[in-house]
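We name chains A, B, ... by the order of the sequence lines, and we start the count at 1 in each one. Atom set for the values below is all heavy atoms of this structure, side chains included, hydrogens, waters and symmetry mates excluded.
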Amino acid sequence: METLKKTAEFAEVYEKGKAYGSKLLVLYVLNPEKDREEGRLGISVSKKVGNSVVRHRLRRLIKESFRLQKSKWAARDYVVVARKEAAGKSYAEIEETLFCLGNRSNSLAKGENR
RNA sequence: GGAGAAGGGUGAAUGAUCGCGGGGCGUUUUUCGCAACGAGGAAAGUCCGGGCUUCACAGGGCAGGAUGCCGGAUAACGUCCGGCGGAGGCGACUCCCGGGAAAGUGCAACAGAGAUAUACCGCCGCCGGCGGCUUCGGGCCGCGGGCGGUAAGGGUGAAAAGGCGGUGCAAGAGACCACCGGCCGGCCGGCAACGGGCGGCGCUAUGCAAACCCCAUCCGAAGCAAGCUCAAACAGGAGGCAUAAGGCGGCCCGUCUGCCUCCGGGUAGAGUGCUUGAGCCGUCCAGCGACGGGCGGUCUAGACAGAUGAUCAUUCACGACAGAACCCGGCUUACAGCCCUUCUCCGCUU
RNA sequence: GGCUCCAUGGUCAAGUGGUUAAGACAUCGCCCUUUCACGGCGGUAACUCGGGUUCGAAUCCCGAUGGAGUCA
């Protein structure tokens with residue numbers, strides 16, 4: 001799975017993309033200029049959210065829920081920002097929130113029930 | 001059985017499916033496949049010490065910083081071990097930044113007479129004065145003054161020139177005496193810190209050095225974003241080719257632009273440093289112990305936006321603090337519970 | 001990952017071991033004004049936390065917590 005790495009790539013999504021927020025997560029979506037085979041994901045967890053273990057676990061949960069349904073996501077650039085309330089939440093809660101935001105941004109393929 | 005003291009260990013387990021990291025093997029252009037391995041006791045805070053690397057350096061000193069009872073351990077330490085002294089506890093045991101205040105400087109608010117020095121109220125002696133009483137004797141009482149002796153008592157304070165009891169004295173005072181404390185000098189035990197006991201000195205030296213400072217010992221500086229190697233881009237130098245073309249020039253030489261080769265600097269980037277190490281496990285020997293030595297076995301994360309997760313099933317005490325980033329030795333701080341060993345005191349039973 | 005700093009009322013801040021911790025803005029009450037503002041008077045409110053040194057600590061020492069800066 002390809003991920004966003006550079007600060008410039010993140011900044012581009014923040015400035016040009018659209019944002020969709022919820023209590024736990026914030027999703028930024030940007031349609032890339034070139035056509036790409038699959039979407040790219042960037043994850044941002046602030047130091048305010050918690051200590052290293054908490055932040056790392058959130059990163060894994062977001063990454064896993066995106067990876068398992070990767071084929072359904074449109075080939076765009078995504079940045080997911082975890083908010084403070086997301087600390088300590090279970091996989092099911094993170095996954096549900098992420099798919100909800102995906103539907104609102106019309107990034108998920110049709111036929112998805114969530 | 002209850003109440004404690006000291007030390008150590010552990011930090012949910014098993015299976016299935018999908019997924020991640022580096023290395024190995026097979027295939028080898030990539031890809032793909034296989035079986036193993038893959039976070040901690042604190043990985044944390046960055047408070048000390050070392051290895052390693054680069055820079056600096058004849059030697060020594062100053063400045064600056066750190067440490068501070070004694071002996072030992074160690075690569076080193078501000079760490080550890082064993083003692084000593086002091087404090088606490090019936091005890092097991094625990095706690096202590098524990099050198100020097102007769103080298104010097106400084107500070108000690110307020111209160112108090114006085115803060116390292118003193119004499120306010122007192123107490124006592126001597127000499128005058130005034131008033132009263134009078135047995136008329138400077139005899140008695142009271143008030144006030146001067147000169148001197150004292151530091152017992154009073155009160156202030158965190159702290160007032162050893163404490164307490166006696167002798168002594170006009171009143172007092174280590175002035176003298178016993179006990180306790182202190183200082184000095186031998187002796188004995190101990191490597192030493194120190195302890196024990198003997199003799200002497202009547203006793204002068206308040207506290208603060210986590211105030212400046214003095215003494216002893218130690219320390220060159222920076223840190224893996226250290227450093228080393230390769231190297232697109234882009235500066236530079238040397239040589240050669242073409243002199244076909246252009247600029248300078250009347251023309252030649254020369255010079256700039258062109259192409260090639262070499263040298264060499266170096267950004268992006270890549271590699272290396274990067275995990276075999278003061279390593280871990282077992283056992284024996286020496287030592288009270290920290291630790292040291294011998295023998296045997298073993299290889300156990302190495303990323304570079306940064307790898308351990310998700311789902312399902314079963315069980316239980318329903319899972320704390322928390323994620324490696326060059327590597328070690330410590331310290332400090334966080335931590336749900338569970339387990340083990342040794343010891344102390346109290347109660348009961350035999 | 002390394003290094004260097006800071007912390008005093010709600011906010012900005014002074015305070016080099018000794019009264020009840022200075023001041024400004026804000027806030028509350030009263031006065032002034034027909035009312036508001038300005039002005040005047042008065043009040044509430046703080047040494048990040050835990051130990052230690054000292055007779056005495058915001059200040060000195062040790063540890064913790066939170067925050068900031070810097071090295072690409």
Side-chain angles (χ1 to χ4, degrees):
Chain A
M1 177 169 59
E2 198 170 358
T3 56
L4 295 176
K5 292 183 172 59
K6 302 282 184 183
T7 308
E9 294 173 339
F10 275 86
E12 191 180 5
V13 177
Y14 286 142
E15 288 176 14
K16 300 180 182 174
K18 289 186 176 180
Y20 303 88
S22 76
K23 193 179 179 185
L24 302 184
L25 304 173
V26 181
L27 177 69
Y28 290 85
V29 181
L30 177 67
N31 286 310
E33 296 176 2
K34 303 175 188 175
D35 284 340
R36 202 177 283 124
E37 290 187 1
E38 57 184 23
R40 298 195 299 171
L41 178 67
I43 302 168
S44 172
V45 186
S46 164
K47 216 168 184 177
K48 291 177 186 172
V49 173
N51 61 25
S52 175
V53 173
V54 171
R55 299 199 306 271
H56 207 95
R57 174 162 178 84
L58 273 175
R59 192 191 73 83
R60 285 168 175 155
L61 293 178
I62 293 165
K63 181 181 152 194
E64 186 72 6
S65 53
F66 182 80
R67 186 187 66 82
L68 289 175
Q69 307 291 333
K70 189 169 62 178
S71 58
K72 295 178 181 171
W73 289 84
R76 296 167 170 171
D77 283 348
Y78 303 98
V79 170
V80 179
V81 177
R83 313 184 82 158
K84 209 170 181 178
E85 288 75 12
K89 290 290 188 292
S90 71
Y91 174 78
E93 289 172 285
I94 298 293
E95 187 187 41
E96 185 181 348
T97 305
L98 188 63
F99 282 5
C100 173
L101 292 171
N103 276 326
R104 281 168 54 191
S105 63
N106 293 319
S107 299
L108 284 172
K110 290 186 179 177
E112 177 61 47
N113 293 325
R114 292 176 186 262

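Applying the 90° cutoff around 0 to the glycosidic angle, B:G61 is assigned anti. In B:U300 the base sits syn relative to the sugar, since the glycosidic angle is no further than 90° from 0.
When both pairing distances are held under 3.5 Å, B:C253 makes no Watson-Crick or G-U pair with any nucleotide shown. Across all strands shown, B:G129 pairs with B:C143; the Watson-Crick or G-U wobble distances both stay below 3.5 Å. Remark: B:C259 base-pairs with B:G240. Criterion, Watson-Crick or G-U wobble with two distances under 3.5 Å. In this structure, C:C3 and C:G69 make a Watson-Crick or G-U wobble pair, each of the two defining distances being under 3.5 angstrom. As the counterpart of B:C234, B:G265 is assigned, both hydrogen-bonding distances of the Watson-Crick or G-U wobble pattern falling under 3.5 Å. With a cut-off of 3.5 Å on both pairing distances, the Watson-Crick or G-U wobble partner of B:G1 is B:C346. Pairing of C:C47, defined by two Watson-Crick or G-U wobble distances under 3.5 Å, is not identified with any nucleotide. Using the Watson-Crick or G-U wobble rule with both distances under 3.5 Å, B:A101 pairs with nothing in any strand shown.
Summary of the strand contacts: A:V53 and A:S90 both lie near RNA chain B, and taking for each the nucleotide with the nearest heavy atom, the more 5' one is attributed to A:S90.
In terms of the side chain to side chain contact (heavy atoms under 4.5 Å, CB included) criterion, residue partners of A:V53 (sequence neighbours excluded) are, by chain and number, A:N51. Residues that satisfy the side chain to side chain donor-acceptor pair (under 3.5 Å) test with A:S105, not counting sequence neighbours, are A:S107.
Between the CD atom of A:Q69 and the C1' atom of B:C18 there is a distance of 12 Å, given to the nearest Å.
Here the closest heavy-atom approach between residue A:L58 and residue A:A82 is recorded as CD1-CB, 4.1 Å. Pairing each heavy atom of A:G21 with each of A:R104, the nearest pair is O-NH1, 3.2 Å. Listed here is the closest heavy atom pair of A:Y14 and A:S44: OH-CB, 3.9 Å.
Rounded to whole Å, the C1' atom of B:A101 lies 44 Å from the corresponding atom of B:G51. One C1' atom belongs to B:A278, the other to B:A290, and the distance between them is 16 Å to the nearest Å.
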Exercise. What does nucleotides 301-308 of chain B look like as a protein-contact string, B for base, S for sugar-phosphate only, - for none, at under 4.0 angstrom between heavy atoms?
Worked result: ----SSSS

For this session: Test A:V26 against A:Y28 for side chain to side chain contact (heavy atoms under 4.5 Å, CB included), laying out the working first.
Result: CA-CA 7 Å; A:V26 181; A:Y28 290 85; 3.6 Å; yes

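Without hydrogens or angle criteria, A:E93 side chain to A:S90 main chain gives a donor-acceptor distance under 3.5 Å.
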